[in-house]
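Notes to accompany the following structure.
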2 protein chains.
Amino acid sequence: MPETHSRADRFAARLSANRYGNRPTMKDVAARAGVGLKTVSRVVNGEPGVTPETERRVQEAIDALGFRRNDSARVLRKGRTASIGLVLEDLADPFYGPLSRSVEEVARANGALLINGSSAEDPEREQELVLALCARRVDGLVVIPAGDDHRYLEPELKAGVATVFVDRPAGQIDADVVLSDNFGGARDGVAHLIAHGHRRVGFIGDMPRIHTAAERLRGYRAAMEDAGIPVEAAWTSLGVTDPERVRRAAEEMLSGPSPVTAIFTGNNRVTVTVIRVLAEQTRPVALVGFDDIELADLLQPGVTVVAQDAATLGRTAAERLFRQLDGTLLTPERIELPTRLITRGSGELPPAD
Amino acid sequence: MPETHSRADRFAARLSANRYGNRPTMKDVAARAGVGLKTVSRVVNGEPGVTPETERRVQEAIDALGFRRNDSARVLRKGRTASIGLVLEDLADPFYGPLSRSVEEVARANGALLINGSSAEDPEREQELVLALCARRVDGLVVIPAGDDHRYLEPELKAGVATVFVDRPAGQIDADVVLSDNFGGARDGVAHLIAHGHRRVGFIGDMPRIHTAAERLRGYRAAMEDAGIPVEAAWTSLGVTDPERVRRAAEEMLSGPSPVTAIFTGNNRVTVTVIRVLAEQTRPVALVGFDDIELADLLQPGVTVVAQDAATLGRTAAERLFRQLDGTLLTPERIELPTRLITRGSGELPPAD
DNA sequence: CCCGCATCTGACAACGTTGTCCAGGCTCTA
DNA sequence: TAGAGCCTGGACAACGTTGTCAGATGCGGG
């Protein structure tokens, strides 16, 4: 008999099997090793009170049968799944990759696995995902909310599911939240442009129903007001997110009756598109973007950004999550992490009036 | 009584609770609605045979208690978890984000959740992760292997756990694998440099124990051999992966007795670092990199790359996974996706001898 | 030689759900 | 009005594991 089994073999096995293929259970292991069920359980879990000889026999049976403990049954019995859920907007976004990874690191350090899903910025999908995770009885949830009403989570909070929101606050419920100083960051970024002589500064950002977008817009307006510059309607473009519309928005504010000499972009995706548009312009236009982007320093000019630290955001949130699970943490808090202005050239261009 | 509960309340609840906080069960719902247990199950699962009136009563009880079905128990009973596992190298790597996302999309289309973990290129950690996923009885596994011996998966394969390897083949077992044409892509990339007049072409890549790295190295050597160019030892640098060492490697091959006039880089991270080094050089050095990178077109010069399609890689793998679960797919296959040479300038620079 | 104690092992129930099967009540027809 | 058949609802076992508790075994001391 060959060591490797053909797919057809496996398929046949699957068909004949009642449930998980026909995976061996502790009972099978016990029978093979000639011991009781509980003794197998003890060996598998490294509990004391088993003779080395017995342990050896059991271990042998386990290896021979390829037994793997069924965690579903274990969870059912014990009540803890040792897994946490992460719901974010889009795993493919370079901002969420590091965030996700840092959450995973903390989970791993606490012996938990990470289940994650992308909401695609759709509140309904967010809820669907979160509830699916709750049905799986994750011990905790890290949520980057898409929606603005999270009352559906009340039963989970009451039941003791640890929950931390990241990047944006929860809606209608009192929960931990870890976010960047979006307002301050944007205000500083825009103020930086103003300090370099700009007065006609444009803003391109996401839909203001998204908390981060709204805060950054607020920061833009605050900086302009602080400088005593009235903002013209044509300078602000909201809710544009796909490259084509961002492109049009940028081109319009660069060509109107009072064209902007600088643009502040509300997130990394917008920034990337605007960089492309500006590269096609004949006159130099200053740019500061929210979120750092890779290779920003190698472009001509380098791209000045307001950077937030995705990894720290994720790590902080995950650490709070596990402190909630410890029982160490009692009061929901709002933690705001500072942003950092990184000057690389594009934000220091003088106005080309 | 306030609508929102304080963390202290919740914590108290958690302490007094025996297991999942004190989550209501179907039994509780049944009691409250004044119906039998199975009737609740029927309502929850949308099975037929329940009067609208009864259904309404049950639904009311569910909402009032905040009941969520316990999927652990369900899985235990039914045998399918409706979740798949994805083990990759590093979620934070811009190559794996889109891959992960596309796997998630397919999972979602098939009603499954995605659990994922990063192996950090450590075979032991890979195995640990995979086995943890198996203990959770995921229906299928998508693995980007770090190790080269996967015989530990034999019991799972036999038990009918669908398994697809991505990006690199499995070791010592016969399993589906979806990968890019690493050899062909690298060979074409290097040939492109040679076609533009280069003869002294350097190669910087990852450890050859990693399949992709070995294949790309093989492609480099093949292209050089096809052109009848003997490769000098100093032109090849392997196993360097952190930016500092990549930098040193690049600087060395640019300054030796027979300095290279062009460099082929073996993956996105290496490429990024080499771009930085080349930006500091006085004479122009040609560059072709494996993997596309964002903004590559906006650099001066644009970066010519051999692009692989991470999303298609992930989608193809996930689709095969679910076809395995259908029973549609019987024979393990090796699927190789083509790469695409994208010329942007850096690869077309003439040698600066 | 027997008792007590410590050490190791196993029987059994329980976790929350779903599948099977049967009971009871209803409607419809003869 | 009685009987057949259908429809709804519920009792019960089972899924694979772990916690509890009691039994078995062996050893040493009285």
Side-chain angles (χ1 to χ4, degrees), chain A residues 17-59 61-62 65-82 132 134-137 155 159, chain B residues 17-59 61-62 65-82 132 134-137 155 159:
Chain A
N18 35 6
R19 27 203 85 238
Y20 315 102
N22 32 11
R23 295 212 95 139
T25 70
M26 284 193 177
K27 206 167 148 190
D28 301 324
V29 175
R32 173 155 186 144
V35 301
L37 183 54
K38 187 60 220 257
T39 302
V40 177
S41 171
R42 274 194 267 264
V43 171
V44 170
N45 295 294
E47 288 169 31
V50 181
T51 355
E53 161 59 14
T54 310
E55 173 163 358
R56 196 191 50 74
R57 281 222 317 284
V58 171
Q59 195 58 57
I62 289 178
L65 296 174
F67 166 81
R68 316 270 193 236
R69 180 178 61 197
N70 184 330
D71 271 357
S72 290
R74 172 170 228 251
V75 162
L76 182 59
R77 194 62 232 266
K78 304 201 69 146
R80 277 284 164 97
T81 54
C134 290
R136 260 149 239 250
R137 295 295 186 270
Chain B
N18 35 7
R19 27 200 86 238
Y20 314 103
N22 31 13
R23 296 212 94 139
T25 70
M26 285 194 177
K27 206 166 147 191
D28 301 324
V29 175
R32 173 153 186 146
V35 301
L37 183 54
K38 187 59 218 256
T39 302
V40 177
S41 172
R42 274 195 268 264
V43 171
V44 169
N45 294 295
E47 288 170 29
V50 181
T51 359
E53 162 58 13
T54 310
E55 172 162 0
R56 196 191 52 72
R57 281 222 317 284
V58 171
Q59 196 56 58
I62 289 178
L65 296 174
F67 167 81
R68 316 271 193 237
R69 179 177 62 196
N70 184 330
D71 271 356
S72 290
R74 171 170 228 250
V75 162
L76 183 57
R77 193 62 231 267
K78 305 200 68 146
R80 277 284 164 96
T81 54
C134 291
R136 260 150 240 248
R137 294 294 187 270

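Note on naming: letters A, B, ... go to the chains in the order of the sequence lines (proteins, then strands), and numbering restarts at 1 for each one.
- When each of D:dG19, D:dT17, C:dG16 is scored by its nearest atom to the side-chain atoms of A:Arg69, the top-ranked nucleotide is D:dT17.
- For C:dT18, one of the phosphate oxygens OP1 or OP2 lies less than 4.0 angstrom from a side-chain nitrogen or oxygen of B:Asn45.
- As rounded to whole Å, 13 Å separates atom C1' of D:dT17 from atom CG of A:Asp28.
- The two residues B:Phe67 and B:Thr25 have their closest heavy-atom pair at CE1-C, 3.6 Å.
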- Nucleic acid footprint by protein, nucleotides 22-28 of chain D - heavy-atom cut-off 4.0 Å, B for base, S for sugar-phosphate alone: -------
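- What separates CG of B:Leu76 from C1' of C:dT17 is a distance of 8 Å, to the nearest Å.
- Taken from CG in B:Asn70 to CG in A:Leu76, the straight-line distance is 6.0 Å, to the nearest 0.5 Å.
- Residues passing the side-chain hydrogen bond (donor to acceptor under 3.5 Å, both in side chains) test with A:Arg136, sequence neighbours excluded: none.
- We find the CG-CZ distance between B:Asp28 and B:Arg23 to be 12.0 Å, quoted to the nearest 0.5 Å.
- Computed from coordinates, the A:Arg68 CZ to D:dT17 P distance equals 13 Å when rounded to whole Å.
- In this structure, B:Lys78 atom NZ and C:dT20 atom C1' are separated by 14 Å, rounded to whole Å.
- Taken from CZ in B:Arg137 to OG in B:Ser72, the straight-line distance is 12.5 Å, to the nearest 0.5 Å.
- The interatomic distance linking B:Glu53 (CD) with C:dC26 (C1') rounds to 17 Å, in whole Å.
- B:Arg136 has its CZ atom 14 Å from the P atom of D:dT17, to the nearest Å.
- Side-chain contact between A:Arg42 and A:Thr54 is absent, with no heavy atoms from C-beta onward closer than 4.5 Å.
- Under the salt bridge (charged side-chain N to carboxylate O under 4.0 Å, His left out) criterion, A:Arg57 pairs with A:Glu53, not counting sequence neighbours.
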- Indicate for each nucleotide in nucleotides 4-13 of chain D, in 5' to 3' sequence, whether protein heavy atoms under 4.0 Å reach the base (B), only the sugar-phosphate (S), or nothing (-). ----SBBB-B
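- Checking the phosphate oxygens (OP1, OP2) of C:dT17, no side-chain nitrogen or oxygen of B:Lys27 falls inside 4.0 Å.
- Listed pair B:Arg23 / C:dG16 fails the phosphate criterion, with no side-chain N or O lying under 4.0 Å from OP1 or OP2.
- A:Arg69 pairs by the salt bridge (charged side-chain N to carboxylate O under 4.0 Å, His left out) definition with A:Asp71, not counting sequence neighbours.
- Among residues two or more places apart in sequence or in another chain, the side chain to side chain contact (heavy atoms under 4.5 Å, CB included) test is passed with A:Ala33 by A:Val35, A:Val58, A:Ala61.
- Here the closest non-hydrogen pair linking B:Val43 and B:Gln59 is CG1-OE1, 4.0 Å.
- Taking five base pairs at each end of the helix from C:dC1-D:dG30 to C:dA30-D:dT1 and finding the rotation axis that steps the C1' atoms of four pairs onto the next four gives two axes whose angle is 60°, to the nearest 10°.
- Distance, B:Ile62 CD1 to C:dT17 P: 10 Å, rounded to whole Å.
- In this structure, B:Ile62 CD1 and B:Met26 CE are separated by 7.5 Å, a value rounded to the nearest 0.5 Å.
- C:dT20 atom P lies 10 Å from atom CD of B:Glu47, rounded to whole Å.
- Residues that satisfy the side-chain hydrogen bond (donor to acceptor under 3.5 Å, both in side chains) test with B:Arg68, not counting sequence neighbours, are A:Glu156.
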